[in-house]
Amino acid sequence: HQYNTILVERVGRVGIITLNRPKALNALCGELTTEMLDQLVKFDADINIGAVIITGGSKVFAAGADIKEFEGKGMVDLMNKDSLNWTLGFKNIRKPIIAVVNGYALGGGCELAMMCDMIYAGESAVFGQPEIKLGIIPGAGGTQRLVKAVGKSKAMEICLTGTVNMKAQEALQFGLVSSVHPVEKVMQAALKTATIIASQSQPVISLIKASINNSFEVPLQAGLDYERKAIQMAFGTKDKIEGVKAFIEKRKPLFSHL
Ligand code: HXC
């Protein structure tokens with residue numbers, strides 16, 4: 001499949017989606033979000049892929065929603081044809097997604113990074129929610145996920161001013177990102193992590209991802225109950241039999257992802 005706004009690559013069992021609208025700083029236009037989700041669903045269904053990386057390349061992650069598409073659109077337009085429906089698609093992706101962020105991750109760009117399961121930042125990364133300057137709000141999860149990632153005071157400051165951004169080191173300090181790397185090394189670092197994840201049992205990896213994401217939805221005991229069911233399910237996999245056997249036989253496990 002030929003895409004106009006993204007590049008698709010495979011490195012071993014890792015699928016890579018690179019946002020590719022350099023002239024618009026990877027602004028998330030309708031075509032881009034459609035193509036990105038389309039490819040994400042394909043990777044999710046592909047038994048040869050175990051983890052996904054979403055990046056904007058070495059210069060910019062994404063400068064937000066495509067502001068040019070906002071012109072002439074009103075409330076009813078948004079209600080009738082919700083241009084944010086693509087964000088719901090992320091919920092159904094069972095394989096882990098790592099965002100690799102260099103440069104600006106603003107507005108919908110920051111929100112896209114936060115929809116991913118973890119963020120690796122290049123030293124040039126800048127996270128912010130400038131929507132308020134356009135007279136709108138962070139509407140793709142920013143008022144929810146940013147609070148959970150960095151706490152209320154910082155999230156309020158970022159979203160209410162629109163001008164207070166977080167650079168890579170501060171994002172690390174606040175727990176928004178997993179790690180910070182030199183720009184030319186961040187992709188390699190993320191790929192290393194994604195490769196480790198992709199080498200593990202795919203169904204069990206999905207159980208862990210689902211259990212952790214569930215912790216954001218439900219009270220502790222309900223989350224623990226879900227986790228209990230998840231480990232029972234893990235005990236039903238062939239990979240569990242192989243993993244335990246390999247440990248006892250002092251060798252590396254050979255997972256079949258079954
Ligand atoms: C459309 C964009 C864009 C965007 C940049 N461009 N951001 N086009 N949508 N979000 C375009 C510019 O128009 C310009 O095109 C080209 O990219 C380069 O941008 P410059 O502004 O010249 O670059 P620079 O001076 O380096 O400034 C970078 C920047 C600035 C600080 C990131 O571009 C900026 O403030 N962008 C908007 C950021 C923003 O407000 N994001 C939130 C969007 S709302 P031309 O053709 O002129 O060369 C949002 C809502 C999310 O995300 C969900 C709710 C619906």
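Read the numbers this way: they start at 1 and go in the same order the structure lists the ligands and their atoms.
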V11 vs I16 side-chain heavy atoms within contact, under 4.5 Å: yes
Q202 and K95, any side-chain heavy atoms less than 4.5 Å apart: yes
Sequence neighbours excluded - ring pair (Phe, Tyr, Trp, His ring centres under 6.0 Å) pairs with any residue from residues 9-48: none
What short N/O contacts, under 3.5 Å, does ligand 1 make with the protein, listed by atom pair and distance?
from, atom 1, to, atom 2, distance (Å)
ligand 1, 9 (N), A65, O, 3.4
ligand 1, 9 (N), I67, N, 3.0
ligand 1, 10 (N), A63, O, 3.1
ligand 1, 10 (N), A65, O, 2.9
ligand 1, 13 (O), K68, NZ, 3.4
ligand 1, 17 (O), K23, O, 3.3
ligand 1, 41 (N), A63, O, 2.8
ligand 1, 52 (O), A65, N, 2.8
ligand 1, 52 (O), G108, N, 2.8

Qualifying ring pair (Phe, Tyr, Trp, His ring centres under 6.0 Å) pairs, either residue in residues 113-136, two or more places apart: Y120-H181
Test: E242 and R251 ion pair at under 4.0 Å: yes
Test side-chain hydrogen bond (donor to acceptor under 3.5 Å, both in side chains) applied to Y226 - qualifying residues, sequence neighbours left out: none
